[in-house]
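Just so you know, these numbers use all the heavy atoms, side chains as well, and skip hydrogens, waters and symmetry mates. Treat the numbers as computed from the prediction; the structure is a model and nothing was measured. The sequence lines fix the lettering, A, B, ..., with proteins before strands; numbering per chain opens at 1.
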Amino acid sequence: MKLVIIDYGMGNIRSVEKAFARIGLQPIISSDPKVINTADKLILPGVGHFKKGIENLRKFSLFEILNELVTKRNIPILGICLGMQLMTEFSEEGNCYGFGWVKARTVRFSFNNKLKIPHMGWNNLFIQRDNVLLKNISEEDLFYFVHSYYIICNNNQDILSTTNYGVEFVSSFNYKNIFGTQFHPEKSHQQGLQIIKNFVDI
Amino acid sequence: MFIPRIIPVLLLKNKGLVKTIKFRKERYIGDPINAVKIFNDFKTDELVFLDITASKENRTIARDIVKDIGDEAFMPFAVGGGIKSVNDIANLLKAGAEKVIINTNAFLNDKFVEEAAEIFGSQSIVVSIDVKKSFIGKYECWIKSGTINTKLNPVEFAKKMEDCGAGEILINSIDRDGTMIGYDIDLIKSITKVVSIPVIACGGAGKLEHLREAYFLGSAHALAAGSLFVYHGPRNAVLINYPLKEELNKLLYKWE
């Protein structure tokens with residue numbers, strides 16, 4: 001199975017690569033559309049600004065190839081953190097359009113100093129429906145989150161889990177071949193590895 | 001349910017771990033990678049590694065050690081020690097660190113934190129502030145491993161750093177460092193009152209109850225400690241340790 005981690009210059013690719021190595025896989029890291037085109041499964045990681053993410057994807061000429069792979073060829077893809085947000089239709093971070101693969105939008109947390117932004121730390125998932133991605137995960141497992149924006153889904157059936165941080169937000173979703181986690185499975189101990197394993201096993 | 005992060009702070013000197021008292025009297029603790037493995041087993045929230053002689057010696061924390069840590073760690077970790085350029089940050093993040101911690105150079109170079117936050121995102125940039133009380137009891141910021149007094153007020157500096165785009169502030173009491181008598185709650189509160197970004201409290205934790213105090217009374221967003229996680233028992237025998245999740249949940253869920 002050819003697993004490709006998309007390198008578009010956003011965030012720490014190495015941790016993601018290491019996590020797959022821990023379960024015995026050697027993923028390919030690439031920003032080359034020709035290489036990405038041959039993937040059986042894709043990972044879209046990312047930490048940072050939404051608008052910069054979109055700009056970088058365009059700069060590396062990845063926008064079209066990813067649209068093709070994901071919406072026409074139905075290649076399974078896992079978006080992590082910013083990667084997940086890029087899959088939505090629109091983000092308030094930069095007032096920018098995303099891929100729109102999932103009917104959802106990305107909005108900013110807004111509290112009045114009671115809760116700090118970003119949501120940074122460990123938190124649990126309220127599982128909304130049975131799914132391959134969350135197999136063997138319990139609602140007591142904690143995952144590492146670090147984000148200032150969160151996702152709202154239009155369709156409840158796309159929501160795999162929600163998490164509470166002032167508001168109840170979508171912490172993981174799935175629509176057809178498209179999966180996303182707001183948290184970082186590659187930085188969430190054994191339970192994070194379980195998520196990664198689950199995606200590999202799809 | 002959101003519980004504050006509990007973060008071991010590990011000090012690097014010549015590739016080994018040491019623990020200090022008031023930033024002096026270094027005592028050898030052990031091998032850093034071994035410590036990471038143990039913290040992995042404890043399911044530790046996050047780790048901080050600081051090269052404590054880097055800024056003094058005009059160098060930056062070595063990329064190699066960061067890579068070795070990254071290869072081993074199952075949790076996020078931050079690194080610091082003489083970080084002074086965007087290039088330094090890029091190398092360290094690429095080597096596997098989630099965040100970098102900037103102290104001395106945040107003071108020496110006005111635009112550094114701003115530039116770094118712009119390029120790498122605020123969530124990757126932690127500004128750490130080391131504080132000592134002056135002879136007349138005023139809080140002052142010190143740099144270069146606590147050897148140079150900037151005479152700056154930590155509250156004003158923390159605010160300035162937030163404005164520059166720092167993602168978190170690590171507030172460290174040099175006076176309390178290694179003493180295990182408890183955090184400087186007044187100091188912590190003075191910072192958490194004025195910034196809206198997460199504040200990590202550090203310096204003085206000697207028992208779990210201190211973590212609770214810093215969280216509820218100091219309003220710290222995360223609790224960091226050194227001695228608490230590397231020593232054990234009345235004679236401070238070296239033993240890497242970390243509390244169980246159940247203990248922490250009970251301790252930090254509600255203030256009674």
Tell me yes or no: between the side chains of [X] and [Y], is some donor less than 3.5 Å from an acceptor?
X: A/Ser171; Y: A/Ser161; answer: yes
X: B/Asp184; Y: B/Tyr139; answer: yes
X: A/His184; Y: A/Glu186; answer: yes
X: A/Gln85; Y: A/Gln182; answer: yes

Within residues 76-92 of chain B, residues adjacent to chain A where the heavy-atom gap is under 4.5 Å: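 The stretch touches chain A at B/Pro76, B/Phe77.
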Parallel, tilted or perpendicular, as decided by the 30° and 60° cut-offs, for the rings of B/Tyr242 and B/Phe229: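 Because their plane-to-plane angle lies in the 30° to 60° range, the rings of B/Phe229 and B/Tyr242 count as tilted.
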Taking [options] one by one, which has the highest count of heavy-atom pairs under 4.5 Å against chain A?
options: B/Gly70, B/Gly167, B/Ala73, B/Ser122; value: B/Ala73
options: B/Lys245, B/Glu46, B/Met75, B/Lys43; value: B/Lys43
options: B/Ser124, B/Pro198, B/Gly121; value: B/Pro198

[X] versus chain B, heavy atoms under 4.5 Å apart: side chain, backbone, both or neither?
X: A/Ile13; answer: neither
X: A/His189; answer: both
X: A/Ser188; answer: backbone

CG/A/Asp130: more than 12 non-hydrogen atoms of other groups inside 6.0 Å: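 At most 12 heavy atoms, drawn from other residues, nucleotides or ligands, come within 6.0 Å of this atom.
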Within 6.0 angstrom of A/Glu140 CD, more than 12 heavy atoms from elsewhere: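 Counting other residues, nucleotides and ligands, CD of A/Glu140 stays at 12 neighbours or fewer.
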Between A/Lys52, A/Gln190, A/Met10, the one whose heavy-atom pairs under 4.5 Å with chain B are most numerous: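 Among A/Lys52, A/Gln190, A/Met10, the one with the most close pairs to chain B is A/Gln190.
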For [X], is it the side chain, the backbone, both, or neither that has a heavy atom closer than 4.5 Å to a heavy atom of chain A?
X: B/Thr44; value: backbone
X: B/Ala97; value: backbone
X: B/Glu118; value: neither

Assess the pair [X] and [Y]: is the distance between their ring centroids shorter than 6.0 Å?
X: A/Phe63; Y: A/Tyr8; answer: no
X: A/Tyr149; Y: A/Phe50; answer: no
X: B/Phe39; Y: B/Phe74; answer: no

Test log, rule ring-ring contact (aromatic ring centres under 6.0 Å, His included), inputs B/Tyr215 and B/His221: CA-CA 7 Å; B/Tyr215 180 54; B/His221 191 263; 8.2 Å; no
